[in-house]
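Letters go in sequence order (proteins before strands), and every chain restarts at 1.
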Amino acid sequence: MSFPGPHAEPTAADSPLLANLNDEQRAAVTLPEGHSLILAGAGSGKTRVLTTRIAWLISTGQVSPGGVLAVTFTNKAAKEMMTRLTALLPVNVRGMWIGTFHGLCNRFLRAHWKLANLPQSFQILDTQDQLSAIKRLMKQFNVDDERFPAKQTQYFIAGAKEDGLRPGDMQARGEDDRKKIELYALYEEQCQREGVVDFGELMLRSYELLRDNDAVREHYQRRFRHILIDEFQDTNRLQYAWIKMLAGHTDALGHFTSGSNSVLAVGDDDQSIYAFRGARVGNMSDFVREFDVQHQIKLERNYRSFSNILDSANALISHNKKRLGKNLRTDQGPGEPVRVYEAPSDFAEAQWMVEEMRQLVRDDVERKEIAVLYRSNAQSRVIETALFNAGMPYRVYGGLRFFERAEIKHVLAYLRLLENADDDTSFLRVVNFPPRGIGARSIEQLQDAARSRGVSLAKGVEGLPGKAGANLGAFVAKIDVMREQTQGLSLKEIVELVLDASGLVEHYKADREGEDRLENLEELVNAAEAFVTQEGFGRDAVALPVDELRQSAVSQGLDPNLPVLDDPLAPDADTGETLSPLAAFLTHAALESGDNQAQAGQDAVQLMTVHAAKGLEFDCVFITGMEEGLFPHENSLSDFEGLEEERRLMYVAITRARRRLYLSHSQTRLLHGQTRYNLRSRFFDELPEEALKWLTPKQSGFGQFGGSGAGGGSRGSSGGFGGFSSSGYSGGYASGSPAPAPVPQRAAPSHGLRTGMQVFHNKFGEGTVTALEGSGDDARAQVKFNRHGIKWLALSVAKLTPVE
DNA sequence: GAGAAGGCGCTTTTT
DNA sequence: GCGCCTTCTC
C-alpha cells in the first residue's frame with residue numbers, strides 16, 4: 001500500500017529542516033517509505049535525525065501527527081525528543097505518541113482497560129513494590145526463602161515477562177524451575193486480585209491485547225504509519241514483538257508481511273550495554289531479516305570528539321567479533337593525546353585526579369564539564385573522599401530517586417489506598433506506619449482471615465475480633481474518612497490532607513533526623529501541584545489537538561468508535577468514568593521516579609558509572625579503575641559475550657569525552673574490605689599507542705594479556721575467576737625453594753610476589769601472577785598458567801617460585 | 001515497638 | 001568495610 005496521492009520528491013532546497021544536516025543525516029531523514037535501520041554512532045547526531053525525520057514526515061504531508069509512534073527507553077530521551085520537535089514544528093506534541101515503551105503501554109492499557117481485564121485505576125508496581133509483593137506471597141505459601149530467595153524469584157518473573165512468557169508457556173527443567181513457575185502463576189493471581197501491574201506486565205499485557213484482539217490491533221496498525229524506535233539495540237524480546245505487532249499486518253499463519261507501515265529503527269550495536277537486563281542486540285539483525293529492511297544508513301561522522309579519542313574508541317571496539325561494523329570519523333584533528341596514569345593505590349589515584357582537576361579548573365574548564373567514570377558504584381567512595389577533602393564540589397549520579405524514597409513511598413501508599421482499598425502491598429506498608437500499635441501478630445491474624453475468605457486485607461478487617469480487630473478497624477476507618485474528606489479537593493490539597501491525617505508529618509517532626517524527610521514531603525506537595533499544571537490535568541491545559549487527531553483519524557479511515565487515546569482524561573465510552581488526577585499522579589510517580597542526582601544545578605564535577613554516562617558528553621573525562629577484574633569486570637569474563645559487552649562499555653566510556661580523556665589504574669585497591677592487587681586492564685593493549693601519552697612509565701613486559709599469543713580472555717580448566725577451589729594445588733611441594741626475590745618497588749606485601757611476575761609451580765608449571773589478595777596466612781595469588789588456565793592459590797600452601 | 005545485634009551481599013539499571 | 005535487612009531482646 002502506498003501513501004495516498006503523489007508526493008513530490010522533496011529536495012534540500014525545499015525545506016529549511018534539512019539545511020544543516022550532513023549527507024548521511026539527510027539521507028536518513030528523507031528515507032522513503034519502508035523499513036529502515038540507522039546505525040548511529042556515538043555523537044553522530046542521532047536524536048537530531050530522529051526528530052528531524054518526524055518533522056519532515058509531518059511537514060511534507062506524508063503523515064499526520066497522530067500517525068507517528070516514536071518510542072524511547074527513558075523519559076529523559078522522550079522529553080528531549082518532544083522539546084526538539086516543538087522547536088522544529090508548530091505542532092502540539094503532547095497528543096502525539098512519543099514516549100517510553102512503558103509510558104505508551106500505560107496509555108494504551110488505560111484506554112483499553114476493560115479489554116485488558118484491568119480496573120480503570122490500576123496502579124503500577126515499581127521494582128521495590130514488586131519485591132515486597134513477592135516476599136509477601138512467598139511467606140503466605142510457606143516457600144523456603146533460603147532455597148528460593150525473593151530477589152531471585154523476582155528476577156525469574158521479570159525475565160520471563162521480558163521474553164513474553166506466561167507461566168503456561170514455560171516448561172520446567174527441574175524441581176526448582178517448577179516451583180518458580182508456580183510462584184510466577186501465584187504472583188500473577190495476586191496482582192490481578194489487587195489490581196496492580198508491574199513494569200513487565202505493562203508491556204506484556206499490551207502485547208497480548210494487540211495479539212489477541214483483531215479489531216484493536218488493526219486499528220493501531222492502520223493508524224501508526226510511521227514507527228520510530230530509539231536505542232534499538234536495547235530492546236528486549238517482548239519489545240521487539242510489540243513493535244512487530246504494531247508495525248505490520250500478519251498473514252494467516254501469523255507471519256509478518258511487510259505492510260503499509262514504516263519502521264525506522266535507530267541504534268548502535270557497539271553501545272549495547274544492557275544485556276544483563278534483557279536487552280537483545282540480536283534484535284537488530286533480526287529486524288533486518290524479518291522486516292526485509294531495504295535501507296540501512298550508517299551515521300559515522302562524529303561531532304563530539306577529537307580524533308585521538310575517536311581512534312582509541314575505534315581501535316578498541318574493533319576487537320569485538322560480533323559487530324555490524326562501523327567506524328567513527330571526525331574533521332576535528334587529533335587534539336590532545338589520551339593520558340594514561342598508573343597509581344600505586346586507589347587512594348593515590350584519587351589524589352592525582354583531584355590535582356589534575358584543579359589544574360583543569362585553573363585552565364578555565366568548568367567543573368561540570370569534568371566527569372569521573374567508573375565501572376562499579378563501590379569505586380566512588382575513595383574518589384568522593386578525595387574530592388571532599390580538597391573542597392572540590394562534586395555530585396554523584398545514582399542512588400535513590402525522588403519517588404523511591406521511603407517517606408515518599410509511604411505517602412504514595414496512603415494515596416493508593418484512597419484509590420484502591422484492595423492494594424495489599426500499600427496496606428501493609430502503612431498499616432503500622434506511623435506506628436499505631438498494630439503488631440506482626442495482628443497482621444498475621446488479618447492475613448489469615450483475609451485469605452480464608454478470599455478477600456483483600458482491607459475487607460478482611462471486617463468482623464475481626466479482639467484488640468487486633470479494633471486497631472485494624474480504626475486504621476481502615478481512617479483511610480475511609482480520608483477518602484471521604486478528599487472528595488472534590490485538588491490534587492495538591494489531597495496530598496496535603498493525607499500528609500496531615502496520616503500522621504506522617506507529625507511523625508517526622510518528632511524524629512530528630514526527619515528534617516530531610518519533611519523537606520521531601522514538602523517537595524511532594526510541589527510535585528503534585530506541578531503535575532496538575534504541567535501534565536494538563538486542568539482540562540484547559542489539555543486543549544490539545546484531540547479534535548485535530550480525531551479528524552485525522554477519521555480521514556485515515558480509523559474506527560471512530562474506538563476511543564481517541566490521546567487524552568488520558570477521556571471518559572469511558574460506556575460509563576463516562578474518568579481517571580482521577582490522583583490515579584494519574586500515582587502512575588506518573590511509578591513511571592517517572594524522578595531525578596537521581598544530588599545537588600543539581602551547581603558547577604560540580606560529575607561522578608557516575610559508565611552505564612549512567614551513556615548518552616552524556618563532557619569536555620574532560622576520567623575513566624578510573626582500568627584494571628583486570630574491575631574493568632573488564634571479573635564477573636563478565638567467564639564468557640565471550642560478557643567480555644564483548646565490557647568492551648562496548650569501555651567504548652561508551654571513551655566516546656563521552658570531547659577534548660580530553662584520562663585513563664587511570666591502580667596497583668592496589670581496597671575492595672570489600674580487602675586489598676586487591678590488580679593487573680592493568682587488557683583494554684590498554686587494544687588502544688593505539690600513538691594516541692596515548694603515558695604520564696607514568698608504561699610497565700612493559702608485565703605479562704599482560706596481549707603477550708605471547710595469549711590473545712583473548714581466559715581459557716582453560718578453571719573457567720575464569722571462580723575463586724579458588726580446595727583441591728588441586730594442596731600440599732607437599734618442594735620445600736626449601738629460595739625465598740621470593742624482594743621487589744624493590746613500592747610497598748610490597750610480605751610474600752614478595754606482585755602482579756605481572758612470572759612464577760613457577762611444581763604441578764602447574766610456569767605462569768603469570770594476575771592478582772593478589774589478602775595477607776599473611778590468608779594471602780592468595782591468582783595465577784594465569786601457560787598450560788593450566790587461571791587458578792587461585794593459597795600462598796601458605798602453594799609454593800610459587802619467581803622465574804627470571 | 002524500639003533499638004541492638006547479627007547476617008548477607010557485593011556489576012551494571014530503566015521503566 | 002559498609003549498608004541494608006531481619007531477627008532478637010527487653
Check your understanding: So is A/R416 actually on top of A/F427's ring, under 6.0 Å and inside 45° of the axis?
Key -> no
Exercise for review: Using a 4.0 Å heavy-atom cut-off across all strands, classify A/I438 as base, sugar-phosphate, or nothing.
Suggested key: sugar-phosphate
**Study point:** Nearest-angstrom distance from the residue atom CE of A/M608 to P of B/dT13
**Key:** 11 Å
Check your understanding: If you find the nucleotide of DNA chain B closest to A/F73 and the one closest to A/P435, which residue's nucleotide is nearer the 5' end?
Key -> A/P435
**Study point:** Spacing of A/Q674 atom CD relative to B/dG9 atom C1', expressed in whole Å
**Key:** 14 Å
Check your understanding: Within the structure shown, what part of the strands sits under 4.0 Å from A/Y274 by heavy-atom distance: base, sugar-phosphate, or nothing?
Key -> sugar-phosphate
Check your understanding: Just checking A/N75: base, sugar-phosphate only, or nothing, at a heavy-atom cut-off of under 4.0 Å?
Key -> sugar-phosphate
Review point. Touch check for A/G437, heavy atoms < 4.0 angstrom, all strands: base, sugar-phosphate only, or nothing?
Key: sugar-phosphate
Point to revise | Residue A/R401, side-chain atoms from C-beta onward, closest of B/dT11, B/dT12, B/dT15 | key: B/dT15
Exercise for review: Select base, sugar-phosphate, or nothing to describe what A/N432 touches, counting heavy atoms under 4.0 Å on all strands.
Suggested key: sugar-phosphate
Review point. What's the CD-P distance between A/E645 and B/dT11, to the nearest Å?
Key: 15 Å
Exercise for review: Answer yes when A/E628 and A/R676 have at least one side-chain N-carboxylate O distance shorter than 4.0 Å, and no when they do not.
Suggested key: no
Study note, to complete from the structure: Note: chain A reaches DNA chain C at heavy-atom distances under 4.0 Å over the stretch, first to last nt, 5' to 3', of C/dG1 to C/dT6
Review point. Quick check, are the ring centers of A/F108 and A/H112 under 6.0 angstrom apart?
Key: yes
Review point. Is the charged tip of A/R277 near the ring of A/Y274: under 6.0 Å from the six-membered ring centre and within 45° of its axis?
Key: yes
Exercise for review: Take the protein atom CG of A/D639 and the nucleotide atom C1' of B/dT11, then report the distance between them rounded to whole Å.
Suggested key: 14 Å
Review point. Roughly, in whole Å, what's the span from NZ in A/K161 to C1' in B/dT15?
Key: 13 Å
Review point. When the distance from CG of A/L131 to C1' of B/dT13 is rounded to whole Å, what number comes out?
Key: 15 Å
Review point. Does the ring of A/H633 lie flat against the base of B/dT11, closer than 5.5 Å centre to centre with planes under 30°?
Key: yes
Point to revise | Whether A/R669 side chain and A/N678 backbone form a donor-acceptor pair below 3.5 Å | key: no
Practice item. May I ask you to say what A/K151 touches in the nucleic acid, namely base, sugar-phosphate or nothing, with a heavy-atom cut-off under 4.0 Å? Key: nothing
Review point. Within this structure, what is the CD-to-C1' distance between A/Q379 and B/dC10, rounded to whole angstrom?
Key: 13 Å
Exercise for review: Would you please confirm or rule out a distance under 4.0 Å between OP1 or OP2 of B/dT13 and any side-chain N or O of A/T609?
Suggested key: yes
Practice item. Taking the six-membered ring for Trp and the full ring for Phe, Tyr or His, determine whether the centres of A/F631 and A/H665 are under 6.0 Å apart. Key: no
Exercise for review: Can you figure out which of B/dT13, B/dT15, B/dT11 approaches the side chain of A/L591 most closely?
Suggested key: B/dT15
Exercise for review: Assert yes or no for the condition that the ring centre distance of A/W113 to A/F122 is strictly below 6.0 Å.
Suggested key: no
Point to revise | Whole-angstrom distance between B/dT12 and C/dC5, as gauged at atom P | key: 16 Å
**Study point:** Value in whole Å for how far the P atom of B/dT15 lies from CZ of A/F199
**Key:** 8 Å
**Study point:** Nearest-nucleotide comparison on DNA chain B, the residue closer to the 5′ end among A/I273 and A/T100
**Key:** A/I273
Review point. Base, sugar-phosphate alone, or nothing: which one does A/N106 contact when heavy atoms must sit under 4.0 Å apart?
Key: nothing
Check your understanding: Has A/N377 got a side-chain N or O lying under 4.0 Å from the OP1 or OP2 atom of B/dT13?
Key -> yes
Check your understanding: Any donor-acceptor pair under 3.5 Å between the side chain of A/T127 and the base of B/dT15?
Key -> yes
Practice item. Hey, can you tell me if A/Y508 and A/F433 have their rings parallel, tilted or perpendicular (30° and 60° cut-offs)? Key: tilted
Point to revise | Per A/A612 side chain, nearest of listed nucleotides B/dT13, B/dT11, B/dT15 | key: B/dT13
Point to revise | A/H319-A/F683 aromatic ring centre distance below 6.0 Å | key: no
